[in-house]
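The structure appears below as structure tokens.
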Amino acid sequence: MSLSWISQDLPKAFDADRVTNALERWNTLAGRPAFESLSDKIGEIASNPQKRAVLEALFGNSPYLTNLCLRDPNTVCDVFGSGLDQAFANALEPVKVIAHARDLDQTTTMATVRHAKRRAALVIAIADICKAWKLDQVTSAISKTAEYTLDFTMAHCLSAMARLRKYDLPNPENPLEGSGIFAIGMGKLGAGELNYSSDIDLIFLYDQDVVTYIDPDRIHQDLVRMVRDITRIMEERTGDGYVFRTDLRLRPDPASTPPILSMIAAETYYETVGQNWERAAMIKARIVGGDRVSGNEFLEILRPFVWRKHLDFIAIQDIHSIKRQINAHKGGSKINIPGHNIKLGRGGIREIEFFAQTQQLIWGGREIALRGKATCDTLRTLTKFGQVSEEVRDEMLAAYDFLRTVEHRLQMINDQQTQTLPDTDQGLLALATFLGYETLDAFKADLLLHLRNVENNYAELFEDDTTLAGASGNLVFTGTEDDPETLVNLREMGFENAENVSVTVRGWHHGRYRATRSRRAREILTELMPTLLAALGKTTNPDMAFRAFDDFLKGLPAGVQLFSLFTAHPQLLELLAQIAGTAPRMAKYIGRNAAVLDYVLMSGFHEELPDADAMLAELDARLSREDMVEDWLDAARRWANDQKFQIDVQTIQNRHTPHEAGRALADVADVAIRALFPRIADDFAAKHGSFADGGLAVFALGKHGGQELSPGSDLDMVFIYEVPEDAEESDGEKPLSPGHYFIRLSQRYINALSAPTAEGVLFETDLRLRPSGSKGPLATHFKSFETYQNNEAWTWEHMALTRLRAVYGPKALCDKVLATTNDVLCKQRDPDKLVREVYDMRNRMEAGKGDNHPWAIKMRRGGLVDLEFIAQYLQLRHAHDHPEVLSPTTREVFKNLATVGILDGEEAEFLANSASFWLALQAMLRLTTEGPFDPEKASEDLQKMLANAGKCDDFASLQDKMEMTATRIKEIYDRVVAAPAEKIAPTDAPQ
């Protein structure tokens, strides 16, 4: 047999000791019984200078190939005895006849395909190292090995499933024929360009019209199990090694789909949300396993998706946006050879493939000749059609050949799926020696030449494009693999979990959210990505901000309009990033109510909050344009949501005091009531009439009454009505008695505020503070209110009454109610009984709802409740002598108490400021957190915001101030309430 195929310039052995050791082990093989028949050939190979040189090239450079030679000396003997082509055919012979797989058990099948792969790999390596086969022959042989072993494995698994009487094989002698089940080879396998230690990218599908399944209800479940068996047989490592690692992530939306899909499901996916990078991937698609007829029919169905009949300029724009995400450099960029990735790095294999594929996508619909799968053939065809110059073609072809050869040598060393160069000179020298270089410098010079040529030619594609890449590198989110430079860039932007960001963004582009299902939405989002990520990266916890933005995106009903708004007004993205990084609750709200972002663009959004009169005029004007109750409710909700959002944004930006924010939120509630309720009353009167005199009045209590609302606060309310004594029923078409009339009207009022509509809820309401609580009627007659408060109300109800404030209703009635309330609050009381009842009530609250977590602003000892109890107790205690102390607003109460000398001026100022302090923190926490606040998990931004709200320099100072404030409030409470009360016998009933 001629040995002319052995190159005269074989690579020298990098490690002479390894050669010596391996040759000794090779010679001992001749004496082993298992290789007795090969003993003469083994000895002859070791003594023949040419053959020995081949072994030395393997032994001195590759531990993996050394192991293959010593494990399968018969393959080495076959190579030298039969030649490379015949030896390769012999290696695959056991898996070429798929009928042989039909009756094998799984263990035997696994051994058979592993032996075939191992022997084929050794033949291919020898052919490559000896330069006997060109690159395309090498990659084609690796691809054939994958295809034969996959077919054999699929035939075994299909036959095994048929034996379980689950599947009716049309042709048991050829299990794959007519089965309707097939595997599409993607990427390098589809193109016949596999690298030496490559994964194989597969998509498994079945033709639902062909598969003849005995139990149709279980078809999908059993096919999924079969595909998992196939992949396990192919990639599981046993004593015989493995066949090929399999990657199923190129299937439609791999994060949410099973490993095998029906043809109709895959077709529907590509027609609706298929992306242009998936079109590019499908260029190389080829049926590599299973039923070729069904598989090729599917590829034919998919042809219009991949190859557009006419130039698709929207697709071209999208392809350009993908290119623009990559930080292309034309000359002069620094390429650090140690650790450089020759596939994904600058000037690498991916750039050559992308150079060809993007132009195929653009022109291949019109020029059928440009639809080839092989990269090198495509480059030649592009030159033929005038798209690539001969010089560029030759540079790209040479670089492709060189880089793929480097890739193969890298992988041959230890059978690792790697394209990363060693990061030490010693490692690089070993690689250079394996490639046949005399010196490391010579290898580096050639490598840099090819990388530079690719980089420059690739950058030509970008000349007319404004880059979408980040300032320091790529922002690529196509395909199924993380782009290494993108991950580096994301980390430099501040994202600790860059992999999560990359995976999530790819999910957006798969159209998993409603907002990204349209092609146009995904295209705009691609353009926005650098601005968006840069804005999120500026927050102190970019990962949390990104998660919040993902939640925001998840809640959006649609994306095109909003993404276009972001494009036109990048400052909105900056605001949204700030909100996402500090107030995820607000981000979720925006996701459900994205229209509020339009309001941000209106002049005055960041200026002073409008006063109640101006707001009432605006809302009245809006409601006047509508005729139906439902339209009033929606318009009021849209208006109020805008106002509340403005207040909330200004709160997190620390643009106003907590007192101003609480007052503004209360004004929004008041205005909504004053604008809506007259219209609701008129609509109600159209059917039921009205009363000649009197009417229904609405009063606020609690924080609403005190104009100290926090974000998300309920409105504590009470409804009081009055009619002439002789009024028996209303004067409408359907008359009602006064009680029924105003109870039903009150229910209408409540629904106007709290019933959910398409625009959400205006305000939640709480009417438990009305006379007799939840057992009492919704609306109370004035006389009943007066009698109840004077004769029946508990002390705690009078405490609540200190915060009563008129919001809407007939002035005469409002004045009467306020006068009665003032009389009740100014009653002379038994000081001992009062203080004991207040004390007992606070203790019952502590037992039932107490929470002494430092951040339980309301309920902790020394928190808001203790503060309010002090204010309310002192009002009830001293209003008889000093009615001027009364005020619904806690802060004002303390100032009034100081004015009349009941509290020391300094102490009153401390309590008033403490009220503002606690309300500020409560408002900020309600805006920014869900559930109990954990300071350990709070971002730096949130800690800073809380510190600013509390007027502290830093978060540590804030926590110190909280403890000091709570301690002193509790001391005052103990002195004013607890100590006197403890000297008095407890009360018997809740007061």
Side-chain angles (χ1 to χ4, degrees), residues 181-187 189-190 199-208 219-221 223-228 230-231 246-285 295 298-299 301-306 315 318-319 321-322 325 357 361 476-483 486 499-526 529 546-547 549-560 563:
I181 298 167
F182 54 92
I184 305 174
M186 303 292 289
L189 174 57
D199 295 351
I200 53 175
D201 293 306
L202 299 171
I203 297 175
F204 286 97
L205 300 177
Y206 67 92
D207 187 340
Q208 64 283 343
I219 178 172
H220 203 69
Q221 180 180 346
L223 287 179
V224 166
R225 185 177 292 114
M226 184 194 74
V227 168
R228 286 180 176 145
I230 292 170
T231 57
T246 58
D247 191 336
L248 308 184
R249 290 177 299 167
L250 283 177
R251 70 184 186 275
D253 197 3
S256 58
T257 56
I260 182 169
L261 300 170
S262 67
M263 279 173 51
I264 190 67
E267 182 184 351
T268 302
Y269 169 85
Y270 289 119
E271 286 179 353
T272 54
V273 294
Q275 299 172 64
N276 279 307
W277 72 262
E278 290 174 302
R279 287 179 60 207
M282 276 292 171
I283 290 174
K284 296 181 181 293
F298 176 76
L299 291 184
I301 290 169
L302 221 58
R303 185 167 54 82
F305 166 72
V306 182
D318 192 31
I319 294 162
S321 74
I322 294 171
Q325 294 170 63
Q357 285 174 323
L361 279 184
V476 181
F477 302 102
T478 57
T480 60
E481 296 180 355
D482 293 327
D483 173 64
T486 296
E499 290 80 4
N500 177 65
V501 174
S502 182
V503 168
T504 304
V505 173
R506 286 205 298 274
W508 296 347
H509 287 286
H510 275 294
R512 289 194 196 125
Y513 299 160
R514 287 177 296 173
T516 62
R517 280 182 190 155
S518 77
R519 179 189 299 174
R520 182 62 184 144
R522 294 193 299 274
E523 289 167 355
I524 301 172
L525 190 59
T526 297
M529 202 55 60
F546 180 82
R547 288 193 299 273
F549 183 84
D550 183 52
D551 284 340
F552 158 76
L553 206 59
K554 197 180 299 180
L556 283 178
V560 171
F563 297 159

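All heavy atoms count here, side chains included; hydrogens, waters and symmetry mates do not.
Taking CG of Leu202 as the start and CZ of Phe182 as the end, the distance is 12.5 Å to the nearest 0.5 Å. Note: Phe204 CZ to Ile230 CD1 = 4.5 Å, rounded to the nearest 0.5 Å. Interatomic distance, CG of Asp247 versus CD1 of Ile200, reported as 9.5 Å (0.5 Å rounding). Considering CG of Leu553 and CG of Leu525, their distance stands at 6.5 Å, rounded to 0.5 Å. Remark: Ile181 CD1 to Leu223 CG distance equals 5.0 Å, nearest 0.5 Å. Taken from CG in Leu302 to CE in Met263, the straight-line distance is 9.5 Å, to the nearest 0.5 Å.
No side-chain heavy atom of Val306 sits less than 4.5 Å from a side-chain heavy atom of Leu299. Taking the side chain as every heavy atom from C-beta outward, Leu205 and Glu267 never approach each other to under 4.5 Å. Contact annotation: the side chain of Met186 never approaches that of Lys284 to less than 4.5 Å [non-hydrogen atoms, C-beta and beyond]. In this structure the side chain of Tyr270 reaches within 4.5 angstrom of the side chain of Met282, judged on heavy atoms.
For the salt bridge (charged side-chain N to carboxylate O under 4.0 Å, His left out) test, residues two or more places apart in sequence or in another chain that qualify with Glu499 are Arg491. Contacts of Phe546 classified as ring pair (Phe, Tyr, Trp, His ring centres under 6.0 Å), with partners at least two apart in sequence or in another chain: Trp508. By the ring pair (Phe, Tyr, Trp, His ring centres under 6.0 Å) test, Phe298 is found to be paired with no residue, residues two or more places apart in sequence or in another chain being considered. Partners of Asp207 according to the salt bridge (charged side-chain N to carboxylate O under 4.0 Å, His left out) rule, which considers only residues two or more places apart in sequence or in another chain, do not exist here. Considering only residues two or more places apart in sequence or on other chains, Arg225 meets the salt bridge (charged side-chain N to carboxylate O under 4.0 Å, His left out) condition with Asp222. Under the side chain to side chain donor-acceptor pair (under 3.5 Å) criterion, Tyr269 pairs with Glu278, His510, sequence neighbours left out.
The two residues Asp201 and Leu189 make their nearest non-hydrogen contact at O-CD2, 4.3 Å. The two residues Thr257 and Arg251 have their closest heavy-atom pair at O-NH2, 2.8 Å. Residues Thr268 and Ile264 come closest through the heavy atom pair OG1-O, 2.8 Å.
The side chain to side chain contact (heavy atoms under 4.5 Å, CB included) test with Tyr206 is passed by exactly one of Val227, Leu261, Ile219: Ile219.
Under the 4.0 Å criterion applied to side-chain N and carboxylate O atoms, Asp551 and Lys554 are assigned as salt-bridge partners.
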